[in-house]
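Notes follow once the structure below has been shown.
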Amino acid sequence: MEENEKMNNREELFSRPVRAGKRTYFFDVKATRGDEKYITITESKRRFSNEQNRFFYEKHKIFLYKEDFEKFANALKETLHFIETGEYPEGYFDEPKEYEDHYGTDKDDVDDWFNEVK
């Protein structure tokens, strides 16, 4: 790919599809305008619409930013290790040191958000 073409297509730098039965997962590396790289993980499923009488693709995306790569990789490694061995990671049953909801936000952030909504 020529340098000019690469600059014009700056957003997508790399893509790796993984076919898994009726689903396809896409691991794409993209870049922001500031040239910060991030990953999108897309799950694509082929579906049939009875209303339109044709197939379409239902897609779900996860955006993973550089500052979260290590946490994501560690959680994935621990999860795969558990599946393979049945062993829980060290500290799994310990009380969390700080509150985080399922979306990874601190309790204070959630409380602030609720106060703003009121």
Side-chain angles (χ1 to χ4, degrees):
M1 180 183 289
E2 288 184 31
E3 191 63 24
N4 287 342
E5 191 178 7
K6 190 174 180 181
M7 292 300 286
N8 290 335
N9 193 20
R10 174 175 265 187
E11 187 177 311
E12 187 167 294
L13 304 174
F14 176 87
S15 183
R16 176 70 66 203
V18 176
R19 301 203 193 303
K22 295 181 180 183
R23 293 180 169 92
T24 301
Y25 299 97
F26 296 92
F27 292 83
D28 301 319
V29 177
K30 298 184 179 187
T32 65
R33 290 182 187 166
D35 207 31
E36 291 291 321
K37 292 174 184 64
Y38 63 98
I39 299 169
T40 62
I41 302 170
T42 306
E43 175 195 41
S44 180
K45 294 185 272 186
R46 188 173 184 216
R47 300 282 193 198
F48 186 79
S49 170
N50 289 325
E51 294 172 5
Q52 297 179 352
N53 200 30
R54 66 182 180 101
F55 286 98
F56 69 98
Y57 288 92
E58 180 179 273
K59 296 180 181 182
H60 301 279
K61 281 192 178 206
I62 296 172
F63 292 80
L64 185 59
Y65 297 95
K66 190 174 186 177
E67 62 267 18
D68 300 321
F69 288 173
E70 186 176 348
K71 291 177 192 175
F72 188 90
N74 289 339
L76 182 58
K77 285 177 193 173
E78 288 178 351
T79 303
L80 295 174
H81 181 76
F82 176 78
I83 289 170
E84 292 170 357
T85 67
E87 297 173 3
Y88 289 93
E90 187 176 322
Y92 181 79
F93 294 104
D94 296 348
E95 287 294 317
K97 291 182 175 54
E98 65 182 57
Y99 175 86
E100 289 191 351
D101 66 7
H102 292 286
Y103 301 103
T105 52
D106 292 336
K107 183 182 185 308
D108 293 339
D109 293 341
V110 173
D111 291 342
D112 290 344
W113 182 82
F114 277 114
N115 289 333
E116 289 176 18
V117 171
K118 290 182 184 178

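The OG1 atom of Thr40 sits 7.0 Å away from atom CD of Glu12, with the distance rounded to the nearest 0.5 Å. In this structure, CD1 on Ile41 lies 11.5 Å from NZ on Lys61, to the nearest 0.5 angstrom.
Around the OH atom of Tyr92, the shell of radius 6.0 Å holds no more than 12 heavy atoms that belong to other residues, nucleotides or ligands. Around the CD atom of Glu58, the shell of radius 6.0 Å holds more than 12 heavy atoms that belong to other residues, nucleotides or ligands.
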Atom pairs and distances, side-chain donor-acceptor, residues 65-79, under 3.5 Å, sequence neighbours left out:
{"residue": "Asn74", "atom": "ND2", "partner": "Glu70", "partner atom": "O", "Å": "3.3"}
{"residue": "Thr79", "atom": "OG1", "partner": "Ala75", "partner atom": "O", "Å": "2.7"}

Ignoring hydrogens and angles, write down the donor-acceptor pairs under 3.5 Å from the side chains of residues 17-28, residues two or more places apart or on other chains.
{"residue": "Arg23", "atom": "NE", "partner": "Glu43", "partner atom": "OE2", "Å": "2.6"}
{"residue": "Asp28", "atom": "OD1", "partner": "Ser15", "partner atom": "OG", "Å": "2.5"}

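Hydrophobic cluster of Ile83: no remaining members, since no ILVMFWY side chain lies below 4.5 Å from it.
Ring geometry, Phe48 versus Phe55: the interplanar angle exceeds 60°, so the pair is classed perpendicular (tilted spans 30 to 60°).
Listed by chain and residue number, His81, Thr85 satisfy the side-chain contact (heavy atoms from CB on, under 4.5 Å) test with Glu87 (two or more places apart in sequence, or in another chain). For Phe63, there are no ring-ring contact (aromatic ring centres under 6.0 Å, His included) partners two or more places apart in sequence or in a different chain. With sequence neighbours excluded, no residue forms a ring-ring contact (aromatic ring centres under 6.0 Å, His included) with Tyr57.
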Output, in order, the C-alpha distance, side-chain angles, deciding distance and verdict of side chain to side chain contact (heavy atoms under 4.5 Å, CB included) for Glu36 and Tyr38. CA-CA 7 Å; Glu36 291 291 321; Tyr38 63 98; over 6 Å; no
